[in-house]
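Start at 1 and go down the list; that is how both ligands and their atoms are numbered. By convention here, the first residue in the shown sequence is residue 1. What you see is a predicted model; the values in this text were computed from it and never measured. Excluded from the calculations below are hydrogen atoms, water molecules and symmetry mates; all remaining heavy atoms, backbone and side chain alike, are included.
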Amino acid sequence: MLRNSLIGSLRQIKPILCSQSLRSLSNGANSGLTTIEVDDKSGIATLSMNLPPVNTLTLNLMHDLIDSINQIECNKSRGLILTSSNDKVFSAGLDLKELYKPDQERLKEFWTIFQDLWLALHLCGIPTAAAINGHAPAAGCIMATACEYRVMLPDFVIGVHATRFSFLVSKWMMLSYQSVLPRRIVERALNQGKLFSTQEALEVGLIDEVAGSKKEALAQCAAFIGTFDKANPIARTLTKRMCRDSDVTELLRDRAGDLRACVDYINTPLFQEGLSAHLEGLKEKK
Ligand SMILES: CC/C=C\C/C=C\C/C=C\C/C=C/C(=O)SCCNC(=O)CCNC(=O)[C@H](O)C(C)(C)COP(=O)(O)OP(=O)(O)OC[C@H]1O[C@@H](n2cnc3c(N)ncnc32)[C@H](O)[C@@H]1OP(=O)(O)O
């Protein structure tokens, strides 16, 4: 709902029509793949992905994430921290099974909701941070880069390794990466299909801090959100949207074109063969 109002005018303040009270967050009509906990003292909402085994972005998980982001914004939380209930994986990225020999209509729905999720995170009016408490490959990394701050636990990997299995990324995904990292590093990392270790991610600036535990990561994210206490919330939201305007416009100006290009590419033998080999590799790992 927020996203739709923004598509009309990115500079407009979201009309707050939501009537729920701050502490009454429920997961309403969604599938229960996310949970929201609001800290009574700070008013900060922690949004956890909870789809075992590895939080793959299925249609349902993406739907629940968007629904939860909207709820958190509507309930005027002070900030949003995105994290995972799994202690090894933040998110394994898009559900690869949705991309393998796909039903064409479902694939369109899948890609459209992925665009929606990116927009919801990118345009979220309140401060956002990611507590990356596990591996964050591919779209897991893209979700983290759509947040304003990233804190990660040691000994995990993060990055967009799409070229390793003949995937391409859309320009808006690259821009998200590029909003956090210098262009030359993004170009090299995307071309290499690089997954950064936590330490490497800190050194290049893909993450902002390392934390010793999930509890610490959440506290560090909350401290970041607290840095906006002196800013007027409306001025802050408008400024955030202005800063992100060109990246968001890149997707909004031709969403249908992006969808067509992705669907076409996903249906190519090059993509399907690369994906098949990748899925085999995941099975053989065991
Ligand atoms: C113009 C543009 C054109 C075209 C665009 C076209 C396409 C889109 C291109 C780019 C964007 C892509 C975005 C993506 O996000 S694609 C997803 C990429 N993600 C991965 O490759 C991650 C793969 N997973 C892993 O590396 C590991 O699972 C992980 C390190 C996350 C965790 O390891 P762990 O040892 O803890 O678990 P596993 O035993 O490996 O996995 C458990 C279970 O889950 C299955 N699995 C894992 N990841 C996925 C996934 N992404 N999708 C579906 N299923 C997944 C895995 O096979 C295991 O299943 P099972 O054997 O049945 O237990």
Quiz: residues 219-228 side-chain donor-acceptor pairs under 3.5 angstrom, not counting sequence neighbours:
residue : atom : partner : partner atom : Å
Q220    : NE2  : E209    : OE1          : 3.1
Q220    : NE2  : V210    : O            : 3.4
T227    : OG1  : F224    : O            : 2.5

Hey, can you pull the donor-acceptor pairs under 3.5 Å for the side chains in residues 269-284, sequence neighbours left out?
residue : atom : partner : partner atom : Å
Q272    : OE1  : K101    : N            : 2.9
Q272    : NE2  : L99     : O            : 2.9
Q272    : NE2  : I266    : O            : 2.7

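Every residue meeting the side chain to side chain contact (heavy atoms under 4.5 Å, CB included) condition with S85, not counting sequence neighbours, appears here in chain and number order: S48, N50.
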Can you list every pair where an N/O of ligand 1 is under 3.5 Å from an N/O on the protein?
residue  : atom   : partner : partner atom : Å
ligand 1 : 15 (O) : L94     : N            : 2.7
ligand 1 : 15 (O) : A139    : N            : 3.0
ligand 1 : 19 (N) : A92     : O            : 2.8
ligand 1 : 21 (O) : H161    : NE2          : 3.4
ligand 1 : 21 (O) : H278    : NE2          : 2.6
ligand 1 : 33 (O) : K285    : NZ           : 3.3
ligand 1 : 35 (O) : K285    : NZ           : 3.0
ligand 1 : 40 (O) : K285    : NZ           : 2.6
ligand 1 : 51 (N) : A92     : O            : 3.2
ligand 1 : 51 (N) : L94     : O            : 3.0
ligand 1 : 52 (N) : L96     : N            : 2.9
ligand 1 : 61 (O) : K286    : NZ           : 3.2
ligand 1 : 63 (O) : K286    : NZ           : 2.9

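Just one residue in the list I142, D95, I113, L65 forms a side-chain contact (heavy atoms from CB on, under 4.5 Å) with L57, and that residue is L65.
Comment: E148 engages R236 in a salt bridge, judged by a side-chain N to carboxylate O separation of less than 4.0 angstrom.
Judged by distance alone, the side chains of W172 and D258 do bring a donor and an acceptor atom under 3.5 Å apart.
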